[in-house]
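Keep in mind that this is a model prediction, so the values were computed, not measured.
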Amino acid sequence: MVALREIAHPSIDERKARGLQARNRTPVSSHAKWRPAADRPDPVALLEEQNRTREPDLVPVRHGRMMVSPFTFYRGAAKIMATDLKNTPVAGLEAQLCGDAHLSNFGAFASPERILLFDLNDFDETLPGPFEYDVKRMAASFTIAGRNNGFSKADARAATLASVTAYREAMAEFAQMRTMDIWYARLDEDELMSSIRGLVTEVAGEAKGAKQEKERKKEKKDQKEEKQAKQAEMRAAKTVEKARTRDSLQALAKLGELVDGRYRIVSQPPIVVPLRDLAATYGLSAAEAEHAIHEQFRAYRATLQDDRRQLLERFQIVDAARKVVGVGSVGTRAFIVLLQGRDAQDPLFLQIKEATASVLEPYVRKSRYRQHGERVVQGQRMMQAASDIYLGWTKGLDVRRDFYWRQLRDMKGSALVEAMTPLGLTFYARTCGWTLARAHARSGDPIATAEYLGDSDEFDKSITDFAQRYADQNERDYQEFVAAIRAGRLEALEGV
């Protein structure tokens, strides 16, 4: 007989009291003044530890991508930050965490209804845990990105502060909403573009007012901001337009070639290596490799709900390849599979990514899911407003490895952070802050969390102080990392 878990349903007053108790136990001011622990591990050694289970020929690619800048280093250093976060104060209020909520892990993608949504889009490190971990990872990323773009200290701070303020204010809104309204909350392209147009109108109005008052200095600043706002609107429109073209047909044009009347994946080593060229690497013949991918495909289909499984059964496998993706993920096993529906002009590309233990696991708790691929899938479904219909998971041929499956390109789009102006980054920060709060409100307690955060900007300033201090540490870690490469301790392949 299966034991049923008893579900508690505290009242609104009890939930508010829990938030106030957390605030008394862990004041919001305690998040400021961060310093590295005296026994802090060697950051380079932490990366080396991760490299032991990664594809040896791709580890230099990972290092080459991370050494581009402190910003790209930060993107690949989730494990380093996880070891630092374990020593930071927490309120005891948990939610499903992204685990790697830096600003480049937000973006646009298509809902099952083919509506473009803005949301979190990377869940390799997802686990339930203290909500502050995600907020601090996000906030520090804005400070680091601002510095990377050459912004002034004031502008980098403004973007960081905006991300945390948006999180706190959004959580207060979700605390007032009905349960199902929180679940259905989302940010689609129409709302996003409307917000950007509102920003342009607001900034233009300020510039006009300044002109009427003949405040020359203020007028010049407002005109600059008006120009930045219009640039942000144009870039956002281009990103949305580009995202709509990023589907399996577009992927086929870029990744496929027609040979003897049949499509196959083009070899572009080391980034894309077809299975026909890779089989020997894993000790398999071409026939064995083909059989293995079909077996994996059958196991994956079994994890889908029935209607989606039956839809996928209309496609047949045409080819497969290893494909390098991202920064922090480089070196973990990742593959793409080309499938064909009614004919060669009806392609579907699926991506298979290795799922390892979350970097947060040593510091929070193990996942309730024994299979890390399922951990990623279930965490993504919990946090996103809508998820890919083809999310599923499998155990690898090497039973020590877990994988999750999803569509390779489903109208995905991402912001070009390096090209953002201060105004554009600040707007993007507010958007990410709202999005993270909504993701946390779905699984956590928005009433208790909002009560903890309060209605002043004290929490915002404390997290911003943390972000600035952590950005300093990230730069020091980056310099150690580069020095390790220069000294030959680490190997790096740049420009790949």
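Using a 4.0 Å cut-off between charged side-chain N and carboxylate O, R381 and E374 make no salt bridge. Comment: R35 does not engage D472 in a salt bridge, judged by the lack of any side-chain N to carboxylate O separation of less than 4.0 angstrom. Salt-bridge formation is not detected for the pair R186/D119: no Lys NZ or Arg NE/NH1/NH2 atom is positioned less than 4.0 Å from an Asp or Glu carboxylate oxygen. Comment: K33 does not engage D465 in a salt bridge, judged by the lack of any side-chain N to carboxylate O separation of less than 4.0 angstrom.
Seen from the ring of F466, K136 counts as a face-on cation partner, given the 6.0 Å and 45° thresholds. A cation-pi arrangement is present between R137 and Y74 under the rule of less than 6.0 angstrom and at most 45 degrees off the ring axis.
The shortest non-hydrogen separation linking D410 to R114 is OD1-NH2, 2.6 Å.
Partner of R75 under the side chain to side chain contact (heavy atoms under 4.5 Å, CB included) criterion, chosen from P70, S141, S104, S69: S104. Partner of R168 under the side chain to side chain contact (heavy atoms under 4.5 Å, CB included) criterion, out of T449, V28, D457: D457 alone.
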Item checked: Worked verdict on E458 versus R23 for salt bridge (charged side-chain N to carboxylate O under 4.0 Å, His left out) -> CA-CA 12 Å; E458 189 176 7; R23 191 178 176 93; 3.8 Å; yes
Next item on the list: For salt bridge (charged side-chain N to carboxylate O under 4.0 Å, His left out), just list the numbers for K16 and E451, CA-CA rounded to whole Å, side-chain angles, deciding distance to a tenth of an Å, and then say yes or no.
Entry: CA-CA 6 Å; K16 286 183 176 180; E451 203 69 24; 5.1 Å; no
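Checked against the 6.0 Å centroid threshold, W393 and Y404 do not count as a close aromatic pair. A distance of 6.0 Å or more separates the ring centres of F174 and H440. Taking the centre of each ring, W34 and Y470 come in below the 6.0 Å mark.
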